[in-house]
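Structure first, then comments.
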Amino acid sequence: QVQLVESGGGLVQAGGSLRLSCAASGRTFSSYAMGWFRQAPGKEREFVAAISWNGGITYYTDSVKGRFTISRDNAENTVYLQMNSLKPEDTALYYCAAVIHIDSRWSPEYWGQGTQVTVSS
């Protein structure tokens with residue numbers, strides 16, 4: 001069992017930066033790959049980024065490559081999403097998840113409650 005709590009969301013102007021954090025509890029955190037997903041109003045939830053259990057491999061959706069960076073600290077049971085050069089289309093509720101990679105997709109096993117990111121133009 002993994003419990004996840006996100007923080008760090010907020011309102012920022014286009015071009016600005018935010019750093020999201022996801023604090024995990026549970027003894028199996030370091031055995032999971034971790035991911036960030038987002039859901040904008042009226043849209044389906046979409047994959048944003050993922051990181052392997054040891055932080056050695058990262059994955060990004062095309063729209064955030066070069067702007068977002070996912071990282072993790074297994075000693076602190078925390079995963080981060082550094083978001084730079086934010087755009088209004090990045091506005092969404094951002095979720096942290098413990099994920100597995102199956103059928104070429106990142107499939108969440110556990111979700112956090114989400115943190116809102118709003119980017120003004």
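All heavy atoms count here, side chains included; hydrogens, waters and symmetry mates do not.
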>> Go through it in stages, so that I can follow the logic: the residues are R19 and Y80, the test is side-chain contact (heavy atoms from CB on, under 4.5 Å), and I'd like the CA-CA distance, side-chain angles, deciding distance and then a yes or no.
In response: CA-CA 7 Å; R19 188 194 197 200; Y80 304 97; 3.6 Å; yes

> When you look at Y110 and Q1, which way does the side-chain contact (heavy atoms from CB on, under 4.5 Å) test go after all the steps?
Replying inline: CA-CA 8 Å; Y110 301 100; Q1 190 82 4; 3.8 Å; yes

> Hey, what's the ring geometry for Y94 with F68, parallel, tilted or perpendicular (30° and 60° as the breaks)?
Replying inline: tilted

>> Measuring from atom CZ of R105 to atom CD1 of I100, what distance do you get when rounded to the nearest 0.5 angstrom?
In response: 11.5 Å

>> Can you classify the ring geometry of W106 versus F47 as parallel (below 30°), tilted (30 to 60°) or perpendicular (above 60°)?
In response: parallel

>> Would you compute the distance between atom CZ of R38 and atom CG of L93 and round it to the nearest 0.5 angstrom?
In response: 12.0 Å

>> Using 0.5 Å steps for rounding, measure from the OG1 atom of T69 to the CG atom of N84.
In response: 6.5 Å

>> With side-chain contact (heavy atoms from CB on, under 4.5 Å) as the criterion, how do E46 and F37 come out once you've worked through the C-alpha distance, each side chain's angles and the decisive distance to 0.1 Å?
In response: CA-CA 5 Å; E46 66 170 350; F37 295 75; over 6 Å; no

> Shortest non-hydrogen contact from E6 to C96?
Replying inline: OE2-N, 2.8 Å

> Hey, are the side chains of E109 and V99 touching, using non-hydrogen atoms and a 4.5 Å cut-off?
Replying inline: no

>> Main chain of I57, side chain of S52: is a donor-acceptor contact present, judged purely on distance under 3.5 Å?
In response: yes

>> Could you measure the distance from the CG atom of L18 to the CG atom of L81? Nearest 0.5 Å is fine.
In response: 9.5 Å

> More than 12 heavy atoms of other residues, nucleotides or ligands under 6.0 Å from CH2 of W111: is that the case?
Replying inline: yes

> Charged N to carboxylate O under 4.0 angstrom, D90 versus K87?
Replying inline: no

>> What's the separation between atom CD in E76 and atom CZ in F29, rounded to the nearest 0.5 Å?
In response: 10.5 Å

>> As an exercise, state the distance from OG1 of T58 to CZ of R72, rounded to the nearest 0.5 Å.
In response: 12.0 Å

> Closest heavy-atom contact between T91 and V119?
Replying inline: OG1-N, 2.9 Å

> side-chain contact (heavy atoms from CB on, under 4.5 Å) between I70 and V79: does it pass, once the steps are laid out?
Replying inline: CA-CA 7 Å; I70 189 171; V79 62; 4.1 Å; yes

> Shortest non-hydrogen contact from S21 to T78?
Replying inline: CB-CG2, 4.4 Å

> Run the side chain to side chain donor-acceptor pair (under 3.5 Å) check on S120 and Q13 step by step: do they pass?
Replying inline: CA-CA 5 Å; S120 63; Q13 288 188 330; 5.0 Å; no

